Amino acid sequence: MLQRWLGNQLRQPRGLFSKWIGNYMQKGNLTINRWTTEVMDLKGKAVILEIGIGNGATLHEIVKTVDIGSATGIDISNEMLKQARKRNLKYIEQGLMELRYGDVMDLPFEDIIFDKVFSIHTIYFWIDLNRSFSEIHRVLKPGGKVYISITDRAQMEKMQRTNSFTLLDVTEIENLLQRNHFTSVKRHSNGVFWCLEATKG
């Protein structure tokens with residue numbers, strides 16, 4: 001029962017324990033978050049989007065340490081957005097960051113805006129994968145890149161809290177990317193973590 005509750009909260013944190021869930025995700029995902037940002041190799045005033053920001057810790061670290069153009073983040077949890085805005089108030093006021101309520105299936109942005117889009121541990125919750133990747137493709141600039149990071153499926157299947165997740169292996173994600181007009185798909189690995197990198201053709 002507890003593991004099922006935790007799994008549902010990880011999908012969309014809400015209620016009295018949302019702050020605890022946000023901190024739980026931040027600490028639990030620290031390694032994969034930092035590694036993913038290294039894989040992204042951010043430089044040159046990049047304009048970036050994170051899908052599923054949690055409490056905003058990863059975007060905070062990026063803006064704090066990298067000279068980017070701007071950072072935008074979306075989440076389907078109002079509680080997470082509240083925490084993320086509080087954490088990043090300085091960067092929001094400086095115009096370096098924008099945080100919005102939004103769903104990957106219907107991104108609240110015009111076409112051809114971002115240099116890089118990334119998402120860590122959220123693809124398990126996307127209801128329509130093809131539509132989601134189509135939306136990411138739409139908002140990327142030509143030659144822009146997407147990065148999808150996951151924990152290896154076999155490892156995830158050992159966790160009770162992931163029973164309600166839609167678990168994918170790297171080959172399935174590669175096929176989805178190619179089906180939605182992404183090219184130059186690359187696999188990056190770090191222990192049990194995978195990051196799929198692809199370019200908008």
Side-chain angles (χ1 to χ4, degrees), residues 5-110 113-126 132 135-136 139-140 144-151 161-162 165 190 193 195 197:
W5 172 84
L6 181 56
N8 289 333
Q9 284 288 326
L10 293 174
R11 179 187 298 270
Q12 185 178 7
R14 56 197 176 278
L16 295 174
F17 294 96
S18 60
K19 184 174 183 179
W20 180 84
I21 290 292
N23 291 332
Y24 173 87
M25 290 191 295
Q26 176 189 344
K27 293 175 182 177
N29 294 335
L30 183 62
T31 300
I32 191 172
N33 290 350
R34 287 181 173 172
W35 172 64
T36 300
T37 59
E38 290 173 5
V39 171
M40 289 169 64
D41 189 27
L42 294 168
K43 57 188 176 183
K45 295 289 186 179
V47 178
I48 66 171
L49 168 66
E50 181 180 12
I51 297 169
I53 60 171
N55 65 10
T58 302
L59 279 185
H60 179 92
E61 192 68 19
I62 289 172
V63 175
K64 180 181 177 181
T65 59
V66 181
D67 184 21
I68 62 167
S70 66
T72 301
I74 64 166
D75 208 285
I76 59 171
S77 168
N78 284 313
E79 285 85 353
M80 290 297 96
L81 283 167
K82 182 178 179 181
Q83 291 181 37
R85 286 172 178 142
K86 183 178 180 180
R87 178 187 296 272
N88 292 289
L89 182 60
K90 177 176 70 173
Y91 299 130
I92 293 170
E93 291 178 340
Q94 291 174 353
L96 293 172
M97 188 184 298
E98 180 183 8
L99 304 178
R100 295 192 193 181
Y101 179 90
D103 191 310
V104 64
M105 293 193 302
D106 188 18
L107 292 173
F109 308 106
E110 296 180 1
I113 292 179
F114 300 104
D115 297 301
K116 301 195 177 192
V117 176
F118 72 103
S119 192
I120 303 167
H121 279 326
T122 70
I123 193 173
Y124 325 119
F125 312 126
W126 298 1
S132 299
E135 277 289 276
I136 293 171
V139 301
L140 276 169
K145 294 189 176 185
V146 59
Y147 302 82
I148 304 295
S149 290
I150 63 170
T151 294
R161 63 179 177 273
T162 65
F165 295 13
N190 180 10
F193 301 137
C195 178
E197 172 188 347

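Note that the structure is predicted; figures quoted are calculated from it, not measured.
Arg87 places no side-chain N or O within 3.5 Å of a backbone atom of His60 that could act as its donor or acceptor partner. Counting only distance, with no hydrogens or angles, the side chain of Asn88 and the backbone of Gly56 share a donor-acceptor pair below 3.5 Å. With Asp75 contributing its side chain and Met80 its backbone, the two residues share no donor-acceptor pair below 3.5 Å. Side-chain N or O atoms of Lys116 include one that pairs as donor or acceptor with a backbone N or O of Met40 at under 3.5 Å.
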Ile150 vs Phe193, test: side chain to side chain contact (heavy atoms under 4.5 Å, CB included). Steps then yes/no.
CA-CA 6 Å; Ile150 63 170; Phe193 301 137; over 6 Å; no
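Taking CG of Leu49 as the reference point, atom CD1 of Ile136 lies at 8.0 Å (rounded to 0.5 Å). Within the model, atoms CG of Asp115 and CG of Leu42 stand 9.5 Å from one another, a figure rounded to the nearest 0.5 Å. Here OG1 of Thr122 is found 6.5 Å from CD1 of Ile148. Values are rounded to the nearest 0.5 Å.
The shortest side-chain heavy-atom distance between Asn78 and Leu81 falls under the 4.5 Å cut-off. With contacts defined as side-chain heavy-atom distances shorter than 4.5 Å, the pair Leu59/Leu99 qualifies. At least one side-chain heavy atom of Glu197 sits less than 4.5 Å from a side-chain heavy atom of Lys145. By the 4.5 Å heavy-atom criterion applied to side chains, Phe118 and Thr58 are counted as neighbours. Using a 4.5 Å heavy-atom cutoff, the side chains of Trp126 and Ser119 are in contact. Residues Ile48 and Thr72 fail the side-chain proximity criterion, which asks for heavy atoms closer than 4.5 Å. Side-chain contact between Glu135 and Asp106 is present, with heavy atoms from C-beta onward closer than 4.5 Å. In this structure, the side chains of Tyr124 and Thr151 come closer than 4.5 Å at one or more pairs of heavy atoms.
Looking at Thr31 and Trp35, their side chains never bring a donor and an acceptor atom within 3.5 Å of each other. Side-chain atoms of His121 and Ser149 include no donor-acceptor pair closer than 3.5 Å.
Pairing each heavy atom of Cys195 with each of Thr36, the nearest pair is SG-CG2, 4.4 Å. When every heavy atom of Ile74 is checked against every heavy atom of Phe109, the shortest pair comes out as CG2-CZ, 3.7 Å. The nearest pair of heavy atoms linking Ala84 to Ile53 is CB-CD1, 3.6 Å. Minimum interatomic distance between Gly69 and Leu96 (heavy atoms only, all atoms of both residues): O-CD2, 4.3 Å.
The 12-atom threshold is exceeded at CD of Gln94, counting heavy atoms of other residues, nucleotides or ligands nearer than 6.0 Å.
Checked against salt bridge (charged side-chain N to carboxylate O under 4.0 Å, His left out), Arg34 has no partners two or more places apart in sequence or in another chain.
If you run side-chain contact (heavy atoms from CB on, under 4.5 Å) between Ile51 and each of Asp103, Ile120, Val104, Val146, only Val104 comes through.
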